[in-house]
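The basis for the numbers below is simple: all heavy atoms, side chains too, and nothing from hydrogens, waters or symmetry mates. Please read these numbers as outputs of a predicted model, since none were measured by experiment. To find a chain, count down the sequence lines: A is the first, B the second, and so on, and within it residues start at 1.
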Amino acid sequence: MSNCEVQNVECQPQSGGVEANPTYLASRPAVDLHESQEGWLLRAEMPGVDENHVEVTLERQVLTIVGTTSVRDPAGYDRQYGEFRARRYERSFRVPVEIDRDRIEAEMRHGLLTVRIPKAAAAQPTRVVVKGGPVATE
Amino acid sequence: MLANRLSSSLDPLKALRAFEQQLNQQFADWLQSASARSGQGDFRMWTGDGSAVVEFDLPGFTPAAIDVAVHKNLLTIAALQEPVGTADAGEVHLHERSPVARREFRLPFDAAPERTEAEYRDGVLRVTLHQPEAHRPAKIVVKGL
């Protein structure tokens, strides 16, 4: 995939990006991405997004996260300052082939999307037992 | 037509203007990106009759970890994320989030702390503030003689 922003980690969204929809304010969520022996842990900030308005998709090797907010004006108040448009967060990442696609988990809590991407068993490091040779006898 | 082509190809400023356009576009892109990253767009304010509602984007915190303080017309928000667990150990590929947040916001009036309410939902903190009754303009009844 040639449109990756960061080699082997991040890609441009396949859909043409958040700018494709002018109704929404395009936002690129801040992200933490950690890798351990078991897999990858992705945390993305999407303030204002609840669990019903977030999508995590994996197509081939590209993981895409999308979240949308709605306008929540308080009743009886006038807009004074700030950006009041609904927001659409979107970002895509390239994941390695060696992942366990069936065990990917995602959770949305307090405007933070957490995605756990386990590595396939074959990709996890295996500890090799070193056997001792026969004891030499004189 | 030939004259137009000649004048166009001989225009010494054409390349310069194209370069200027390109530079302006790149600067506009950078400005938009920098503005989004600096957090300038992460709050909103509404005003009503002697009251105001201010929203801050504070994703990834718990309600207990957010402090809201009001002193006269200054609203201060401070938040600290819980320490990350051992599950986060490993190689860090991207680290863009901040574990702390602090915002100060100047209100259009002195607020009554005892009437201030804060609600945290989906990573957005909404604070409702009211002007003290004593500071609000009082309507004086005009008596007829």
Side-chain angles (χ1 to χ4, degrees), chain A residues 5-10 18-19 25-54 67 69-85 87 89 91 93-95 108-114 116, chain B residues 29 32-33 35-37 39-66 79 81-82 84-99 101 105-108 117 119-129:
Chain A
E5 284 179 21
V6 180
Q7 191 70 30
N8 297 326
V9 178
E10 185 168 6
V18 287
E19 300 291 354
L25 171 67
S27 293
R28 186 169 181 265
V31 159
D32 284 351
L33 179 62
H34 298 254
E35 180 184 355
S36 67
Q37 289 188 353
E38 292 77 30
W40 287 266
L41 180 66
L42 175 77
R43 287 195 175 106
E45 293 184 346
M46 297 184 176
V49 177
D50 61 27
E51 67 274 17
N52 299 318
H53 294 89
V54 64
T69 69
S70 54
V71 178
R72 295 192 288 210
D73 287 324
Y77 287 85
D78 299 321
R79 292 177 176 180
Q80 192 69 34
Y81 188 82
E83 175 58 64
F84 296 97
R85 269 182 296 172
R87 282 162 289 166
Y89 301 94
R91 210 159 161 183
F93 304 87
R94 183 209 296 244
V95 296
M108 191 74 198
R109 187 175 163 80
H110 297 317
L112 185 71
L113 174 67
T114 303
R116 296 177 194 280
Chain B
D29 292 346
Q32 188 181 13
S33 152
S35 170
R37 287 212 155 275
Q40 286 176 5
D42 70 352
F43 71 90
R44 297 154 289 282
M45 184 172 82
W46 296 261
T47 54
D49 183 23
S51 58
V53 175
V54 187
E55 265 191 4
F56 298 88
D57 292 342
L58 291 174
F61 295 90
T62 58
I66 301 173
Q81 279 175 5
E82 293 172 354
V84 290
T86 51
D88 286 0
E91 190 178 349
V92 177
H93 290 287
L94 291 169
H95 182 60
E96 301 169 350
R97 301 177 53 236
S98 172
F105 193 86
R106 197 71 64 175
L107 301 161
E117 295 169 3
E119 176 192 339
Y120 186 62
R121 180 179 161 196
D122 298 331
V124 177
L125 178 71
R126 175 174 282 191
V127 186
T128 306
L129 307 110

Say you draw a straight line from [atom1] of [X] to [atom2] of [Y]; how long is it, rounded to the nearest 0.5 Å?
X: Glu35(A); Y: Leu94(B); atom1: CD; atom2: CG; answer: 11.5 Å
X: Trp46(B); Y: Arg79(A); atom1: CH2; atom2: CZ; answer: 7.5 Å
X: Arg121(B); Y: Arg72(A); atom1: CZ; atom2: CZ; answer: 4.0 Å
X: His34(A); Y: Glu91(B); atom1: NE2; atom2: CD; answer: 11.0 Å
X: Asp78(A); Y: Asp49(B); atom1: CG; atom2: CG; answer: 10.5 Å
X: Asp73(A); Y: Glu55(B); atom1: CG; atom2: CD; answer: 8.5 Å

Check against side-chain contact (heavy atoms from CB on, under 4.5 Å), Asp57(B) and Arg87(A): CA-CA 12 Å; Asp57(B) 292 342; Arg87(A) 282 162 289 166; 2.7 Å; yes
Please give me the minimum heavy-atom distance between [X] and [Y], naming the atom from each residue.
X: Gly48(A); Y: Val124(B); result: N-CG2, 3.3 Å
X: Glu83(A); Y: Arg44(B); result: O-CD, 3.2 Å
X: Glu96(B); Y: Pro29(A); result: OE1-O, 3.9 Å

Among Gly48(B), Pro59(B), Gly123(B), residue most engaged with chain A (heavy-atom pairs, under 4.5 Å): Pro59(B)
Which portion of Val31(A) sits near chain B, non-hydrogen atoms under 4.5 angstrom: both
Heavy-atom proximity to chain B below 4.5 Å, by part of Met46(A): backbone
Region of Thr128(B) in contact with chain A, defined by heavy-atom distances below 4.5 Å: side chain
Gln80(A) side chain reached by Pro108(B) side chain, heavy atoms, under 4.5 Å: no
ring-ring contact (aromatic ring centres under 6.0 Å, His included) involving Phe105(B) - partner list, sequence neighbours excluded: Phe43(B)
